[in-house]
Structure formats: C-alpha cells, structure tokens
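So the structure is just underneath, and the comments pick up after that.
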Amino acid sequence: MVETIEKLVRAALAEAQSAGELPEFEVADLGLERPADSANGDWTSTVALRSAKVAHMAPRAIAEAIAAHLPEAPEIDRVEVAGPGFVNIYLSVAAGNEIFRTVREQGEDFGRSDLGAGQRVQVEYVSANPVGPLHIGHGRWAALGDSLARVLDHAGYEVEREYYVNDHGNQMNTFGNSVSARYLQLAQIMDEKGIDAHAAHEALIADWAAFVSDEADEHPESHPYMDAFRESLGADSYGGDYIIDLAAHFMEADGTRWVDADASERMISFRERGYKLMLEDIRQTCDDMRTSFDVWFSERSLYEKDASGTSAVDRAFARLREQGYLYEKDDALWFRSTDFGDDKDRVLVKADGAYTYFASDVAYHWNKYERVDHVIDVWGADHHGYIARVRAATDALGYEGKFEVLLGQLVNLLRNGQPVRMSKRKGTMVPLRELLDEVGADATRFTLVSKSSNQMIDFDIEAVKRQDNTNPVYYVQYAHARICSILRRAAGVTAEEAAELGMDEIASRACPIDCDLSVLIDPTETALARKLGEFGDLVESCARDRAPFRLTHYAQELAGSFHSFYTACQVLPSEGRPVDEAVSKARLAACDAARRVLALTLSLIGVSAPERM
RNA sequence: GCGGCAUUAGCUCAGCUGGAUAGAGCGUUUGACUACGAAUCAAAAGGUCAUAGGUUCGAAUCCUAUAUGCCGCACCA
C-alpha cells in the first residue's frame, strides 16, 4: 500500500509542476507516515513541509497544489490538506477491508518482509557460565534474544541462535573446588554425627539457611560450616545452596570414596560432572522459557589443537600479530585496542601465562564471522565496558560495522513491592526455573520483553503472577480465546472436535475466504482493519531497531481494537440481535484475521495463544 | 574523575526519520450484561515531557551544561 501511495503522490507532484503551479524541485523523501490520529487520514505526507524552503513557497500552498492533482484511484477515498501543510490521504473503506482477506490467505507468513534479504545474522544470548542456575536477569536476555531472533527471521534474515558456554576459565576451578569443599563437609558431618548422606545434606542446607538469615552476622554459631567453607576458599568460592545439592548428589552416587582421594582428581571429577549437570539444568530452563539454540559453543574448543598443532586462539593471535597489533610488556601479551578507539590496551596472555577471557573472545568472534555475516551479542548492562575491546578486536580482524551489542538493562526482582534480596556473597539467588514454576512462562516472557531494552525492569513476582485485568498478557490472550470461541460456535464445532480440527480449519468452515468484505462499514471495523495493516511496518521496525518490545504494545492495541469491534458489532445472529448473513460472514472473516495476527504477534515474543482460558 | 542507561499523568511505560490537540495500561470517578466469553466495553478527570540555555518554520525527540537514580571503569569471568 505504501508503494501505491508513494506513486500517487509523486504523480501529483509532477502534475502540479508541469501545470506550473509548483516550481521544479526534487524530493528524495515524501515523508509518508501513518498519522497517530486516524482523523488525520490513513496516510499523510509531509512533503510540503519538507520542500517549503527549496520551493520558496508556503507549505500550505504546496500541499494544496499536490492535493488538487492527486490522480483518481480505487484505493483512495479522498485527500485533504490540514494543519501547516499535511497532505492527508483517506483510503476507501473497501480497500482497507481487503487486509482481512490478505491476513487469512497469508496466515503465518503475514507481515513477512525481505528487509534482511537473507543476510546471515547470529544472535548470541544468555551465555551464562555453566557453574550455577539461570536467574531472572538471564531470563530477560532469553526473552529479548529469542524474541529478536524470531522477529529477524520474520523480517527476512537467516538467523542463527547461539549460546556461548564459558567452560574454560578460572570459574570452572572455583566451581569444582566449591563442590569439593562441600563434599568434604558432608563426609565430616556424617562421620561426626553418625548420620547418612541424606541427613547430612539437610544439616548443611540448614547451616546455609541460618547464614543467609543471619544478616548482621550476630549468630556465627548457627552456621559454622558456611563460615569454614568461606574461610577455606575465600572469594574463590560459590556459596549457593545448589553447590551443596551437587555435593550431596555425588555423595549419594559415589559414597565417601573421594574423601581420601587426590584433591586435584576429586576437584576435576566434581567439576566436570557438575558442569554437565549445570548445563543440563540451563538447557532445561531455556526450554521452559521456550527458547532453543542452534549452537552451544564451548569456549574450550577454542583451545583444542587441530591437525596442524594450532588452536583457534593461536590462529587469532597470529593474525593480529601479522598486522602488528600485538606487543609484549611486563611479561604479558597485549592487544593494541587503543588503535580502534578503546580506552586502553588489553591483555591477552597474563604474566603467569594464563589466557584472559578476552583472549577467548577474540578467537570466538573471529570464528563467528566464518559462519555468519553479522553478529548481535545480547549482554547485560554491567558488561557495557567490555564492548569497546571486542569491537576493537572485530575491527582489527576486518569485520568493521558487523559487530553489534544489544545491551539490556538489569532486572530488579520484587515481591509485593519489596526487593528480593539476591547476594553473590551470600549465595542467595532465585533461580529462573523456580520463577517459571511460580508465575508461568507466558507472563514471565511477556513482562520481560515488554520494555525497551535500555529501560530497567522491576519484576514483581506477585504482580506478574496476578491473573486479572492488571496483567496485560491475559488481556491479549483473552481476546484470542474469545475469537476462537466465536469461530467454534459459528462452525458448529465442539471444543473437543476443535482440538482435532485446528482453528484454521474451523475458521474456513465458519467463513469462506472469498466472502464479500465491503459490508464492513462500522468505525470499529475500519479501525480493526487499520490496526492489522500496521503489522508489516511493525515487524520491520522491531527488526531494524532491535526492539521486539513494540510487539507487546501492538498486541494490546490489536486486542483492544478487537474488543471494541466485538462490543459494537454483533457477529453471530442471536435472539434480539439479528445480523444479516452477509454481514455476519464478513465479520467472521474480520474475527479470523484478528485471531491470526494476535497469534502471530504472540508467537514472535514466544507467548502462547490459548484457544480457551 | 571517566563512560553507559534512565528521568514524560498518582503508578508502570510508549512516543520509530524533529511535525498536527504529547498517547496507552493500571489506579480514581461515572455509565453498560435476561444478548455471540464482562479476564470486556463506553466516557471523564489527570501533564511547566527533570532543570537551564541553544539549533529552526517547528523540539519530549537534536546540541551544551546542571541535577537525581542505576550500572560499569582488572594481567576476574
């Protein structure tokens, strides 16, 4: 439709110029927009405002000239000049209603665009270290990254979803040592108290809980094991209760045979097996969040030597060295990232010979460009300071302009307005898995994706859990369920039969695709058509601006348009409310179109569209 | 000290490339069910767009300061 309008306005401009009413001038952009207020037309052009200067004419006069020469077209009802010089174009009702048929014909492909032109884009998100369960913040990156991936796909990109598993650094040993220390404590408790592994597990958890609730540390006697644990490992420890659970798991499985084993062997065994268990837990949680990944990329793989005896990290270093971006200083190997705008140069290999996290990332990001054209990393706002150095690395490797970070602000977890205390020191953290169990994936995802990524989110568990009109996700889902109910009734299908047939089949039984739509003339019907017509542009804008949150707003607006239509227009004839059969059919088509776009919008943000609630 | 994000209605947020009377939900107030799903609808009240300058036909939007809040500023990951 935009193309049609564009052509008509350009024709009008040319006509007005050749008629001598306007001077000759070129316009690159007609400034076509959809007015916020439908009273100002279905489309508006600001071309008169834009070209006032170059034409040396009052914008209003230019607008009048263009409006006067706008060619006749079946799509156009009328054109008006308004305000300082807007050219407002009103579509004919019949043309606007065609959107209902278009939606029904295109189904899930409605709103697809070729914006991406098949460009291969990788979205990397979540990528939490495999040393603990996911928390609410990861939930936001999951919702954001997954929704973005879905939107990019709909906008014509070839999308790869990736999870980077940081299984190489120090934190892995910290993790292994933490489990190991807890295992030894379990053995100690079993020995001292003469109880079994299960009872010892409970005792250690009780000790941990006492520590957590002892805010001012006034009762050290209530948590001796936690204190001993922290004293032996210091800052290089993970204090969470899940570490105790892992240790107990190994005690149940292996018994006490690791107590006298070599400390290093014990740590490695627990580290590797714990890693597998944690990764499995993370996968499960992502699954519960309805997100999946095409690639789980292991950091360790970057250090594996190939046939030529070099690793990906070696090769990345060699490449940077050839280009003269590496140098030695203070026994460390540095990357000259300041050449690419970073604040300071960065260390790749430390004086002790160990590789930094950044070293992995240089090789990792190079690897990405062997697979895709463009990279979007979804990171938490606390990693902001890390962007410049990775961009420096990708620039140095020759991928300038192809590296992008989508930064998401942090999430505050609340319950009834009170902050839920999460402390790394204390090891208290609400796992995302538990949140999903309590509030459900639909409400969680909708809430986490519903704000612009650079806006902080206060996630109040009780508020998100509430199943009433204060929770927008149910407003949208209710509209969908309501439509399904009407369609079932129209098709004479019971709920049981509906499950087998599927809504698309039911809808086509309720109303044929080629029914006459011109009978839909109520303002709420026109408004609904108009709202559906916005979807295509919306998808493109969400993809272009990496802003899937707009879909949640649109879903609410579309649900609102439907509810208004439903209240104003009787769809099925009933006692005291007769409806002409042709009108009823056309309204069913409108209902079906609304249903499909509601479901499509929800699917792009990973929220289900229930057929009944 | 340097950098990023935020600041818009009582609350939570939209406002896309600078455009028309700054919008929505919640909350408040008032109406609407013997009717296709009331988890709904219709309507009202509610705003010095943090502050001060600047740019221009036009600024919530761009620029420069200032204030407040959050997050960063490792040879950690």
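Hydrogens, waters and symmetry mates are skipped; everything else that's a heavy atom, side chains included, is used. Order of the sequence lines fixes the chain letters, A, B, ..., with proteins taken first and strands second; residue numbering starts at 1 for each chain.
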Can a side chain N or O of [X] be found less than 4.0 Å away from OP1 or OP2 on [N]?
{"X": "A/Arg489", "N": "B/G37", "answer": "yes"}
{"X": "A/Asn469", "N": "B/A39", "answer": "no"}
{"X": "A/Thr567", "N": "B/A32", "answer": "no"}

Candidate nucleotides [options], ranked by approach to the side chain of [X] - the nearest:
{"X": "A/Val571", "options": "B/C41, B/A77, B/C36", "answer": "B/C36"}
{"X": "A/Thr356", "options": "B/A35, B/C26, B/A77", "answer": "B/A77"}
{"X": "A/His563", "options": "B/U40, B/G37, B/A35", "answer": "B/U40"}
{"X": "A/Leu407", "options": "B/G4, B/A39, B/A42", "answer": "B/G4"}
{"X": "A/Asn170", "options": "B/G4, B/C76, B/A39", "answer": "B/C76"}
{"X": "A/Lys350", "options": "B/A77, B/C36, B/G37", "answer": "B/A77"}

Determine the contact category for [X]: base if any of its heavy atoms lies under 4.0 Å from a base atom, sugar-phosphate if only primed atoms, P, OP1 or OP2 are that close, otherwise nothing.
{"X": "A/Cys569", "answer": "base"}
{"X": "A/Arg346", "answer": "nothing"}
{"X": "A/Gly385", "answer": "sugar-phosphate"}
{"X": "A/Glu575", "answer": "nothing"}

Does the ring of A/Tyr566 meet both stacking tests against the six-membered base ring of B/U40: centre distance under 5.5 Å and plane angle under 30°?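 Here A/Tyr566 fails the 5.5 Å or the 30° condition.
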Aromatic plane relationship, [Y] with [X] - under 30° parallel, 30 to 60° tilted, over 60° perpendicular:
{"X": "A/His383", "Y": "A/Tyr386", "result": "perpendicular"}
{"X": "A/Phe535", "Y": "A/Tyr554", "result": "tilted"}
{"X": "A/Trp296", "Y": "A/Tyr163", "result": "parallel"}
{"X": "A/Tyr303", "Y": "A/His168", "result": "parallel"}
{"X": "A/Tyr566", "Y": "A/Phe562", "result": "tilted"}

Output one letter per nucleotide in nucleotides 14-21 of chain B: B when a protein non-hydrogen atom lies under 4.0 Å from the base, S when only the sugar-phosphate is that close, - when neither is. SSBB-BB-
Does the ring centre of A/Tyr275 sit less than 6.0 Å away from the ring centre of A/Phe175?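 Between A/Tyr275 and A/Phe175, which both carry aromatic rings, the centre distance is not below 6.0 Å.
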Could you say whether A/Tyr475 or A/Glu299 is positioned toward the 5' end of RNA chain B, judged by the nucleotide with the nearest heavy atom to each?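 Comparing both residues, the 5'-ward one is A/Tyr475.
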Let me spell it out: for each of A/Asp458 and A/Leu410, pick the nucleotide of RNA chain B with the closest heavy atom. Which residue's pick is nearer the 5' end?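 Taking each residue's closest nucleotide, the earlier one in sequence belongs to A/Asp458.
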Are A/Gln556 and A/Tyr475 close enough that a side-chain donor and a side-chain acceptor fall under 3.5 Å?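 No pair is found: no donor N or O on one side chain lies under 3.5 Å from an acceptor on the other.
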Would you tell me whether A/Gln171 and A/Asn166 have side-chain atoms, one donor and one acceptor, within less than 3.5 Å of each other?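 Absent: no donor and acceptor within the cut-off.
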Tell me whether A/Arg445 contacts the main-chain N or O of A/Val607 through its side chain, where contact means a donor paired with an acceptor under 3.5 Å.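 Not a single qualifying donor-acceptor pair exists.
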Looking only at atom types and distance, does a side-chain atom of A/Gln477 sit under 3.5 Å from a main-chain N or O of A/Ser608, one as donor and one as acceptor?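 Such a contact is found between A/Gln477 side chain and A/Ser608 backbone.
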Any residue in residues 327-335 of chain A with a heavy atom nearer than 4.0 angstrom to RNA chain B? Just list them by number, or reply none.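 Those residues whose heavy atoms fall under 4.0 Å from RNA chain B, taken from residues 327-335 of chain A in numerical order, are A/Asp330, A/Ala332, A/Trp334.
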Between A/Lys368 and A/Glu162, is there a salt bridge with N-O shorter than 4.0 Å?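 Answer for the salt bridge query: no.
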In whole Å, what is the span from the CZ atom of A/Arg389 to the P atom of B/G72?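 Between P of B/G72 and CZ of A/Arg389: 14 Å.
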Given A/Phe317, which partner from the list A/Tyr355, A/Phe335, A/Tyr325, A/Phe358 fulfils the ring pair (Phe, Tyr, Trp, His ring centres under 6.0 Å) test?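 Looking at A/Tyr355, A/Phe335, A/Tyr325, A/Phe358, the match for A/Phe317 under the ring pair (Phe, Tyr, Trp, His ring centres under 6.0 Å) is A/Tyr355.
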For RNA chain B, stems built from three or more consecutive Watson-Crick or G-U wobble pairs below 3.5 Å: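 In RNA chain B, stems of three or more pairs: B:1-7 with B:67-73, B:10-13 with B:23-26, B:28-32 with B:40-44, B:50-54 with B:62-66.
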For nucleotides B/A50 and B/A6, find the distance between their C1' atoms and express it as a whole number of Å.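 So the two C1' atoms sit 11 Å from each other.
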